[in-house]
Amino acid sequence: MLNRQGRPTAPGNDNGTAITTFTGNRGLDHEELLSFEQDAPGRCGVDLPAPPKTTERLGGLARRDAIGLPGLSEPQVVRHFVRLSRKNYAIDSGLYPLGSCTMKHNPRLNEKAARLPGLGDLHPMQPVSTVQGALELIDTLAHWLKTLTGMPAVAMSPAAGAHGELCGLMAIRAAHRARGDARKKVLVPESAHGTNPATAAFCGYEVESIPANEEGRVDLDALARALGPDVAAVMLTNPNTCGLFERDVIKVAELTHKAGAYFYCDGANFNAIVGRVRPGDLGIDAMHINLHKTFSTPHGGGGPGSGPVVLSEALASFVPVPYVVHDAKGFQLVEHEGAGGHSFGRLKGFHGQMGMFIRALTYMLSHGADGLRQVAEDAVLNANYVMASLKDVMTPAFEGPCMHEALFDDRFLKDTGVTTLDFAKAMIDEGYHPMTMYFPLVVHGAMLIEPTETESKDAIDTFVGALRHLAERAKAGDKERFAAAPLLAPRRRLDETRAARQPVLRWKPPAPAQAAE
Ligand SMILES: *Cc1c(COP(=O)(O)O)cnc(C)c1O
């Protein structure tokens, strides 16, 4: 079908019903062309007279050629971005059950603090004497991260969870090297997050996978057998990606230390235990904390994240530069350690994600100790409420209560002809972003649901109602409808492999002759 512009409606956008529209729009869901396809050369928004010639205003770097931006009027630009924003699913538009991601509400108070002029206008190249307040803020946040985790040191600069893992492993490698011990292997349980083996491999380590037991937790005997003089570290995710607390964590720490290795804990799921457990008391040597999860700074769409790493006494001196110190003259940044320093070097430009630091500290201070503790309690309560409300129609992967996320397998879909993927796509038609699926790998057809503590009982009940409805429909033999889902989204089901491997980064309309076929 050709739309108003004489172009075919975008691929995958027939809505599976007999209804086709002249505009390509689907009711109030507007089809939107790329801005370059709306280009009318010379058209623009703001029309001010050309400024009088000033010499060398850009230091002689005057632009010589046009850079090819499309000509668009102001209303076109506004509509373009508003329409695109309406195609985006966000925590601000609905419950976002993506397990392992902790998609909680981002309080607007945090945003207000991050925009305070003295903070919002900071520049990382400012002289240290003019940013004393900002350094104090980093130092205060560092203090609370150390207090909440019971750890003596923290590296603030990592820009995300996986970056924090890299920081932790680089500190561990530096510590081994400092005593002339070049260990080659990192042990990673199957119940760990996928970034853990990826980080260890990126760091040049050989990765050995440790199986999970039938409870979804690390198999302690297998771990003990794998530990030896060649193992540099054990990386445990706790709570793990099955949504379960690794009860043997203290035993894991003891075994790891006895073998001369360091104990890395993936703390991205700290939301489930913040205020209740201090990782330092469990024997952990390094753990990253995702500020963009536990401390509510916005994420999704690739950033910005922030993944400070708390470190034990044994690793504290290997922290990356720069770091903040405080003396009688005020706050200083250590950019280079002199002779005798152990820092493994610089991990990132500048000092870390300042905007995230402000939001995270605002969140901590506005909640207080009791509030943070309640965050963990409510997150765990909500996940268990989801699990209990669905366990008669869906199949929980493991017996017993969960932590912050509820994990189901696909046994309830047996013989229905509906797969986990179909089920997830059908959720889009119900107005929800799908849960995490096919992960963790140890569970067949996994569906991992993390409601977070910021959802009300009403919101969870509606979500549970939608999933119950879908589970019952699947069992009633509605597999064609599932195979076709989503029917009510801006795009139909895409070929996900091709979408990832050969992304169409610019949609070029085919020539009209071809389009008419
Ligand atoms: C989110 C997450 C990570 C990775 O964090 P990023 O900030 O996305 O790099 C690692 N481990 C676990 C358990 C996670 O949930």
Side-chain angles (χ1 to χ4, degrees), residues 91 96-104 106 145 149 155-170 186 188-203 207 212 216-218 233-246 249 264-274 277 279 284 286-310 347-348 352-353 355-357 359-360 376 379-380 383 402-407 433 435-443 446 448-452:
I91 189 63
Y96 206 137
L98 205 56
S100 201
C101 291
T102 311
M103 305 300 285
K104 60 164 82 174
N106 312 126
L145 290 174
T149 55
M156 296 299 288
S157 63
H163 203 207
E165 292 168 27
L166 182 64
C167 174
L169 282 200
M170 287 174 82
V186 170
V188 184
E190 278 178 347
S191 52
H193 193 265
T195 48
N196 294 189
T199 299
F202 187 75
C203 230
V207 180
R217 297 178 170 91
V218 59
V234 171
M235 291 182 96
L236 187 80
T237 302
N238 200 15
N240 70 24
T241 46
C242 296
L244 302 170
F245 191 80
E246 293 280 2
V249 58
Y264 189 92
C265 179
D266 179 332
N269 295 328
F270 194 44
N271 199 52
I273 56 173
V274 60
V277 182
I284 287 158
M287 182 183 97
H288 71 267
I289 301 165
N290 294 39
L291 299 187
H292 47 292
K293 293 177 181 172
T294 306
F295 299 108
S296 83
T297 70
H299 67 129
S306 184
V309 181
V310 288
L347 195 68
K348 181 184 185 306
Q353 306 278 46
M356 300 300 113
F357 295 162
R359 289 173 175 86
V380 172
C402 57
M403 293 295 289
H404 56 301
E405 49 197 355
L407 178 59
H433 189 289
M435 74 297 254
T436 292
M437 50 175 183
Y438 298 109
F439 181 81
L441 304 174
V442 284
V443 167
L448 185 61
I449 299 174
E450 181 176 5
T452 82

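Counting starts at 1 for both ligands and their atoms, following the listed order. Side chains included, hydrogens not; waters and symmetry mates left out as well; all remaining heavy atoms used.
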Worksheet entry | Shortest non-hydrogen contact from H404 toward P451 |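 Taking every non-hydrogen atom into account, O-CD, 4.0 Å.
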Item to complete: Heavy atoms only: give me the nearest S191-T237 pair and the separation to one decimal.
Response: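 Closest approach of S191 to T237: O-CB, 4.2 Å.
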Item to complete: Would you please name every residue forming a ring pair (Phe, Tyr, Trp, His ring centres under 6.0 Å) with H163, sequence neighbours left out?
Response: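 H163: no ring pair (Phe, Tyr, Trp, His ring centres under 6.0 Å) contacts found.
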Worksheet item: Can you name the side chain to side chain donor-acceptor pair (under 3.5 Å) partners of T297, sequence neighbours left out?
Response: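 Partners of T297 by the side chain to side chain donor-acceptor pair (under 3.5 Å) criterion come out as none, since no residue qualifies.
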Item to complete: Consider only side-chain N and O atoms of S306 and Q353, and report whether a donor and an acceptor are under 3.5 Å apart.
Response: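 The answer is no; no qualifying pair exists.
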Worksheet item: Can you list the residues that meet the side-chain contact (heavy atoms from CB on, under 4.5 Å) rule with V277, with sequence neighbours excluded?
Response: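 If we apply the side-chain contact (heavy atoms from CB on, under 4.5 Å) test to V277, skipping adjacent residues, the hits are I273, L282.
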Does ligand 1 have any N/O atom under 3.5 Å from a protein N/O, and what are those pairs and their distances?
unit_1   : atom_1 : unit_2 : atom_2 : d
ligand 1 : 5 (O)  : N290   : ND2    : 3.0
ligand 1 : 7 (O)  : G161   : N      : 2.7
ligand 1 : 7 (O)  : N290   : ND2    : 3.2
ligand 1 : 7 (O)  : H292   : NE2    : 2.7
ligand 1 : 9 (O)  : G161   : N      : 3.3
ligand 1 : 9 (O)  : A162   : N      : 2.8
ligand 1 : 11 (N) : H193   : ND1    : 3.4
ligand 1 : 11 (N) : D266   : OD1    : 3.2
ligand 1 : 11 (N) : D266   : OD2    : 2.5
ligand 1 : 15 (O) : S100   : O      : 2.6
ligand 1 : 15 (O) : S100   : OG     : 2.9
ligand 1 : 15 (O) : K293   : NZ     : 2.7

